[in-house]
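What follows is one structure encoded as structure tokens, with my remarks underneath.
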Amino acid sequence: MSQHEIGSGVGASSDWQAPLAQAWQPLPPQLPYRSSHKVWAASITMVAGVALMGLSGCFLIGILAMTSNIVMSGGPLPVLSSEAYSLKFYLYVLGLVFCIGGISLVGIGLRWMARIMK
């Protein structure tokens with residue numbers, strides 16, 4: 001076999017180098033970096049935190065409706081059973097958890113906004 005027969009055919013050096021040289025082009029100039037997606041993410045996080053705080057208020061209004069005369073028109077305060085007391089406890093816990101979650105989400109969103117503004 002001659003040298004020409006070994007180098008020709010599939011896998012020859014000139015066969016794979018030509019398409020690679022054509023595909024290798026310098027990158028076009030890049031646009032300036034924009035952080036608008038980060039601003040949107042931080043603002044959505046803060047809106048979600050405010051929504052969680054509003055939802056915690058709904059739980060607390062449920063407690064108010066159970067235990068006061070504001071919702072009912074006059075009459076004595078209702079006597080609560082043990083199930084009503086446990087529901088009241090769980091509503092307080094859920095209200096507290098959602099309020100803490102909302103405050104933390106607003107804090108995280110504000111921290112992200114502060115990082116973006118630097």
If two hydrophobic side chains count as joined below 4.5 Å and joins carry through other members, does L110 share a cluster with M53? yes
Any heavy-atom pair between the side chains of L64 and L60 that's under 4.5 Å? no
Would V93 and I63 show up in the same hydrophobic cluster when neighbours are defined by side-chain heavy atoms closer than 4.5 Å? yes
State plainly whether one hydrophobic cluster holds both F89 and L87, where clusters connect Ile, Leu, Val, Met, Phe, Trp and Tyr through side-chain heavy atoms under 4.5 angstrom apart. yes
How close do G95 and S56 get, counting heavy atoms only, and between which atoms? O-CB, 3.1 Å
Is the closest side-chain heavy-atom distance between I103 and C99 below 4.5 Å? yes
What one should report as the nearest heavy-atom pair of L55 and F98 is CD2-CE2, 3.0 Å
Co-membership, hydrophobic cluster, residues W112 and V39, 4.5 Å side-chain: no
Heavy-atom closest contact (T67 atom, L80 atom, distance): CG2-CD1, 3.7 Å
How about M46 and M113: do any of their side-chain heavy atoms sit closer than 4.5 Å? yes
If hydrophobic clusters are built from ILVMFWY residues whose side chains come within less than 4.5 Å, do L52 and Y90 share one? yes
Of all heavy-atom pairs linking L105 and T45, the shortest is O-CG2, 3.5 Å
Using 0.5 Å steps for rounding, measure from the SG atom of C58 to the CG atom of L91. 11.0 Å
